[in-house]
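Notes follow the structure.
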Amino acid sequence: MQHGSDLRGIALEGVPEEQVNPTPEMATIVGQAFVSWLVQKVNKSVAELTIAIGRDSRLSGPILMQPVIAGITSVGSPGYDFEMASTPAKSLSIPEQFLEDAQYGSNTVLAA
């Protein structure tokens with residue numbers, strides 16, 4: 001994952017002839033994959049990570065948020081739901097002492 005990476009799809013029913021995707025199952029896998037990627041990126045164990053997830057105001061956000069957090073916690077990392085939170089608000093959620101070391105911190109916004 002990198003800046004600008006995203007997953008796109010039909011997140012809510014109501015689009016004629018289109019099936020809902022991503023599914024909650026897919027969102028769980030994304031949470032698990034994010035932890036796996038972050039462990040490799042920062043060279044820390046799963047237990048050493050703390051991940052906070054925020055989302056924008058789209059209606060599908062609450063539907064997908066819990067499965068993402070379930071994926072994160074299913075592999076042993078704490079996952080915190082910041083509910084609706086802007087990217088700047090999420091960035092400010094990282095304690096200052098961790099910002100001095102570029103190995104710490106992550107900013108993920110679930111915009112579904």
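Please read all numbers here as calculations on a predicted model, not as lab measurements.
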Taking only residues two or more places apart in sequence or in another chain, which ones pass side-chain hydrogen bond (donor to acceptor under 3.5 Å, both in side chains) with S74?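 With sequence neighbours excluded, S74 shows a side-chain hydrogen bond (donor to acceptor under 3.5 Å, both in side chains) to Q32, given in chain and number order.
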
List the residues meeting side-chain hydrogen bond (donor to acceptor under 3.5 Å, both in side chains) with Q40, not counting sequence neighbours, and say none if there are none.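 Here no residue qualifies.
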
Considering non-hydrogen atoms only, spot the tightest contact between F82 and G54 and give its length.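 That would be CB-CA, 4.2 Å.
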
Quick one: closest heavy-atom pair of I53 and M65, and the distance?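 Minimum heavy-atom separation between I53 and M65: CG2-SD, 3.3 Å.
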
Min side-chain heavy-atom separation L49-I72 under 4.5 Å: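 They are not in contact (no side-chain heavy atoms under 4.5 Å apart), so the answer is no.
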
Looking only at atom types and distance, does a side-chain atom of T28 sit under 3.5 Å from a main-chain N or O of P67, one as donor and one as acceptor?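 Answer holds: yes.
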
Filter on side-chain hydrogen bond (donor to acceptor under 3.5 Å, both in side chains), then keep only pairs touching residues 75-84, sequence neighbours left out; what's left?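 Sorted result for residues 75-84: Q66-D81.
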
When hydrophobic residues are tied together by side-chain contacts of less than 4.5 Å, even through go-betweens, does I69 share a cluster with W37?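 Hydrophobic grouping puts I69 with W37.
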
Let me confirm one number: the OG1-CD1 distance from T23 to I29, rounded to the nearest 0.5 Å.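 If we round to the nearest 0.5 Å, T23:OG1 and I29:CD1 are 7.0 Å apart.
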
Interatomic spacing from CG in N43 to CD in E48 - rounded to 0.5 Å: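 Here the interatomic distance stands at 9.0 Å.
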
